[in-house]
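Working notes, beginning with the structure itself.
None of these values were measured; they are calculated from a predicted model.
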Amino acid sequence: MASLPDTMADTALARLFVGDDASPDAVWFSLPGGRTLYDAGGRADQIYFLRAGRLGVIRRDEGQEPQFLGVIRPGEPAGEMSLLAAAPHSATVVALRDSEIVAVPREAFFAAAEHNPRLMMELARLMIRRTRQSGGQQSAAGQPSVYGFIGLRDGLAVRALVERLEAEIVAMGYSATTAGREALNAPTEWFSNVENAHDFVLYAAEADETAWKHLVGRQVDRLFLVGRGDQAPPPEESLASEPLRTQRLVDLVLLQKATQRAPAGSEAWLDATPAARLFHVRDHDVGDLRRLARTLAGKSVGLVLSGGGARAYAHIGAVRALREAGVPIDFVGGVSMGAIVAAGLAMGWDDQEINWRIRKAFVDSSPVDDIAVPVIAMTRGEKVRERLREHFGDEQISDLWLPFFCVSSNLTSGAYQLHRRGTLRHALRASISLPGVLPPFTQDNNVLVDGAVMKNFPADIMRAFHLGPIIGVDVSRGRSITAQDVAQPASVWRWLLSGEWRRGPPIVSLLMRAATVSTGRDLAAAREASDLLISPNLEGIEIRDWRAYEPAVEAGRIATAQALARLETPVVDLRRRPTREEAARNGAGATAVRP
């Protein structure tokens with residue numbers, strides 16, 4: 001086995017695994033790309049050291065999307081947290097490319113640590129650095145830093161696009177470089193050196209650069225396939241390595257005409273590629289380019305909006321405050337009425353358009369006054385269906401300008417249903433189908449109802465495919481229903497004549513509040529996933545009071561402005577990863593490979 005470069009052998013941790021002073025119990029082995037080093041739940045009876053290659057850390061919680069936590073780079077350990085805690089591994093670690101690994105048994109490691117305290121000091125520094133990079137949450141890995149971009153059609157000028165992304169990343173204060181096919185015949189050491197010398201490395205390959213684009217597909221932490229949205233997708237070609245495909249680390253970028261009102265035909269592109277995420281970039285649009293650059297740098301902002309009936313009007317005020325403060329919104333997701341507002345953002349509605357559309361659909365007349373004989377629900381649901389059609393048409397989720405998701409509850413499977421593709425209004429109809437109030441939405445023989453029933457605040461879902469800061473707005477907390485709200489009307493005739501029946505009978509409040517009460521476990525998961533949690537003061541705003549628009553919007557605006565004012569750093573920097581120079585200065589990168 002070749003010895004480590006000097007830059008990798010200058011730490012006590014590295015010397016434990018390789019070199020003349022290595023532990024006699026150290027065992028070297030190769031791990032082909034795509035193979036698993038260890039699974040979540042397995043015994044932590046060894047500590048591993050990555051000599052060459054790249055490892056990915058994946059968490060798979062039952063019933064949730066796999067979450068890519070980050071990468072382990074050459075010169076860094078794996079499995080150290082579980083080893084020190086004497087606990088099972090909390091995540092699965094796989095090889096993203098062919099890797100060389102050295103393992104030392106638990107007993108040998110602790111024996112070496114007794115003789116050399118620097119081992120524990122370096123591990124502590126590494127864990128602190130990783131925790132800082134992950135926004136205060138314990139993580140066994142750093143963020144991805146090597147990205148590839150491959151054109152799927154001739155004439156896309158991928159290199160020019162990537163160089164613009166590089167410039168945006170450099171403007172954020174990071175070091176970055178772009179490499180193209182001139183690196184095709186470079187030795188393996190060249191790739192290691194350039195990746196060790198920069199915070200970010202971007203590899204660009206045009207569609208006709210056959211050998212180079214296949215090398216790029218095997219060399220990166222995450223791969224972006226680039227096409228034009230106004231063209232048909234090409235025949236499927238296996239460009240990503242097996243580990244990238246298996247771990248869903250392949251994304252799609254569709255270039256769109258600057259004058260295009262909305263993308264179209266994106267579903268065909270998703271069918272033709274193994275993309276986990278889709279990004280639309282308009283020609284010459286600096287905003288779209290910066291959004292993608294923020295995503296690469298881990299500074300993109302995800303916004304999650306909870307359900308809460310009429311109280312969800314507060315989300316509109318929250319969005320206004322964020323926009324006024326210049327906070328970008330890059331990913332959006334929501335539940336029930338929160339999904340309605342989030343969908344408007346994803347479609348590109350400005351404040352004025354959101355205002356008049358929500359007023360027309362929900363404020364000017366009640367959406368739930370088409371009372372029915374309660375065989376399946378209190379209403380027929382026709383008004384809601386027609387209003388969704390009026391405002392969202394036949395738009396596909398994949399054709400939205402922003403990455404979007406919403407959640408419904410699948411009563412057939414007994415789990416939440418994640419909507420990231422398909423017809424937008426159908427997904428929204430499922431997400432707002434409150435049991436007993438609206439008839440359920442059926443799809444592929446599944447019965448779907450309001451997402452709030454099983455997951456009213458899905459910040460943890462956003463975290464599964466978004467590494468940047470997350471803002472969560474929860475309008476379900478606090479007093480939203482009292483005994484007076486569910487009291488039987490003293491006179492049914494007076495109730496009818498007053499027009500109060502248009503809000504629905506008091507049972508509607510009871511059903512809506514019962515569905516939007518988040519459990520302690522869900523709230524804890526949402527708080528853990530949210531970097532900025534906003535809870536507007538909505539006392540006195542009843543959950544079915546569809547005319548309480550202005551006070552709810554203002555409550556959301558005030559709460560968001562106050563939350564932003566309390567921050568000591570801009571939202572985009574809440575999970576900011578340090579540069580290599582910063583990590584070296586504060587001593588937190590003692591075990592990382594340094595140029």
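Side-chain contact check for Val327 versus Ile471: some heavy-atom pair is nearer than 4.5 Å. Within the 4.5 Å cutoff, the side chain of Arg290 has heavy atoms near those of the Arg294 side chain. At a threshold of 4.5 Å between non-hydrogen side-chain atoms, the residues Phe465 and Pro403 do not count as touching. Contact annotation: the side chain of Glu182 never approaches that of Trp212 to less than 4.5 Å [non-hydrogen atoms, C-beta and beyond]. Here the side chains of Leu152 and Leu239 are in contact, with some heavy-atom distance below 4.5 Å. Between Leu165 and Leu289, some side-chain heavy-atom pair lies under the 4.5 Å cut-off. Between Arg153 and Pro234 the shortest side-chain heavy-atom distance falls below 4.5 Å. Looking only at side-chain heavy atoms (C-beta outward), Tyr147 and Val220 stay at 4.5 Å or farther from each other.
Closest approach of Asp154 to Ala207, counting heavy atoms only: OD1-CB, 3.5 Å. Between Ser530 and Ala459, the closest heavy-atom pair is OG-CB, 3.5 Å. The two residues Gly298 and Pro469 come nearest to each other via the heavy atoms O-CD, 3.8 Å. Taking every heavy atom of both residues into account, Ile58 and Val94 meet most closely at CG1-CG2, 4.5 Å. The two atoms that bring Val335 and Val407 nearest to each other are CG2-CB, 3.9 Å, heavy atoms only. In plain terms, the two heavy atoms of Leu50 and Ser99 that are nearest each other are CD1-CB, 3.8 Å.
Using a 30° and 60° split on the angle between ring planes, His280 and Trp401 fall in the perpendicular class, above 60°. Note on ring orientation: taking the six-membered ring where Trp is involved, the planes of Phe279 and Phe224 are tilted (angle from 30° to 60°). Relative ring orientation between Phe17 and Phe49 is described as parallel, the plane-to-plane angle staying below 30° on a 0-90° scale split at 30° and 60°.
To the nearest 0.5 angstrom, Ile470 atom CD1 is 10.0 Å from Leu303 atom CG. In this structure, Glu122 CD and Leu16 CG are separated by 10.0 Å, a value rounded to the nearest 0.5 Å. Between the CG atom in Asp199 and the CD atom in Glu581 there is a gap of 6.0 Å [rounded to 0.5 Å]. Atom CG of Leu402 sits about 13.0 Å away from atom CD1 of Ile397, to the nearest 0.5 Å. Atom CG of Leu161 is separated from atom CG of Leu292 by 7.0 Å, given to the nearest 0.5 angstrom. Between the CG atom in Asp251 and the CG atom in Leu225 there is a gap of 8.5 Å [rounded to 0.5 Å].
Judged purely by distance below 3.5 Å, without hydrogens or angles, the side chains of Glu267 and Ser398 pair a donor atom with an acceptor atom. Remark: the Arg54 side chain and the Ser145 side chain contain an N/O donor-acceptor pair separated by less than 3.5 Å.
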Under the side-chain contact (heavy atoms from CB on, under 4.5 Å) criterion, do His419 and Gln443 qualify, and how do the steps go? CA-CA 12 Å; His419 301 270; Gln443 186 177 62; 4.2 Å; yes

From CA spacing to verdict: side-chain contact (heavy atoms from CB on, under 4.5 Å), Val216, Glu209: CA-CA 10 Å; Val216 168; Glu209 297 171 346; over 6 Å; no

side-chain contact (heavy atoms from CB on, under 4.5 Å) evaluation trace for Val71 with Val146: CA-CA 10 Å; Val71 298; Val146 181; over 6 Å; no

Could you walk me through whether Asp271 and Arg421 pass the salt bridge (charged side-chain N to carboxylate O under 4.0 Å, His left out) test, one step at a time? CA-CA 11 Å; Asp271 289 336; Arg421 292 185 62 177; 2.6 Å; yes

Do Val571 and Leu322 pass the side-chain contact (heavy atoms from CB on, under 4.5 Å) test, and can you show the C-alpha distance, the side-chain angles, and the key distance before you say yes or no? CA-CA 10 Å; Val571 171; Leu322 292 173; 5.6 Å; no

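Although no hydrogens or angles enter the test, the distance criterion places no donor-acceptor pair under 3.5 Å between the side chain of Arg97 and the main chain of Pro243. A donor-acceptor contact shorter than 3.5 Å links the side chain of Tyr174 to the backbone of Arg577. At least one donor-acceptor pair under 3.5 Å links the side chain of His466 to the backbone N or O of Gly302. A donor-acceptor pair under 3.5 Å links the side-chain atoms of Thr92 to the main chain of Ala40, judged by distance alone. Without hydrogens or angle criteria, Asp98 side chain to Pro32 main chain gives no donor-acceptor distance under 3.5 Å. A side-chain donor-acceptor contact under 3.5 Å links Glu582 to the backbone of Thr579. Judged purely by atom type and a 3.5 angstrom limit, Asp399 has no side-chain atom pairing as donor or acceptor with the backbone of Glu395. Not one N or O on the side chain of Asp460 forms a donor-acceptor pair closer than 3.5 Å with the backbone of Ala529. Put simply, the side chain of Thr246 gets close to the backbone of Glu242: a donor and an acceptor are under 3.5 Å apart. No donor-acceptor pair under 3.5 Å is formed between the side chain of Thr177 and the backbone N or O of Val201.
Under the 4.0 Å criterion applied to side-chain N and carboxylate O atoms, Arg291 and Asp330 are assigned as salt-bridge partners. Salt bridge Asp285/Lys257: absent, no basic N to carboxylate O contact under 4.0 Å. Note on Glu206 versus Arg159: no salt bridge recorded, every NZ/NE/NH1/NH2 to OD/OE distance being 4.0 Å or above. Between Asp208 and Arg181 there is no salt bridge, since no side-chain N of the basic residue sits under 4.0 Å from a carboxylate O of the acidic one.
A cation-pi arrangement, defined by a distance under 6.0 Å to the six-membered ring centre and an angle within 45 degrees of its axis, is absent between Arg277 and Phe331.
With sequence neighbours excluded, the residues satisfying side chain to side chain donor-acceptor pair (under 3.5 Å) with Arg228 are Asp230, Asp283. Residues forming a side chain to side chain donor-acceptor pair (under 3.5 Å) with Glu236 (at least two apart in sequence, or on another chain): none.
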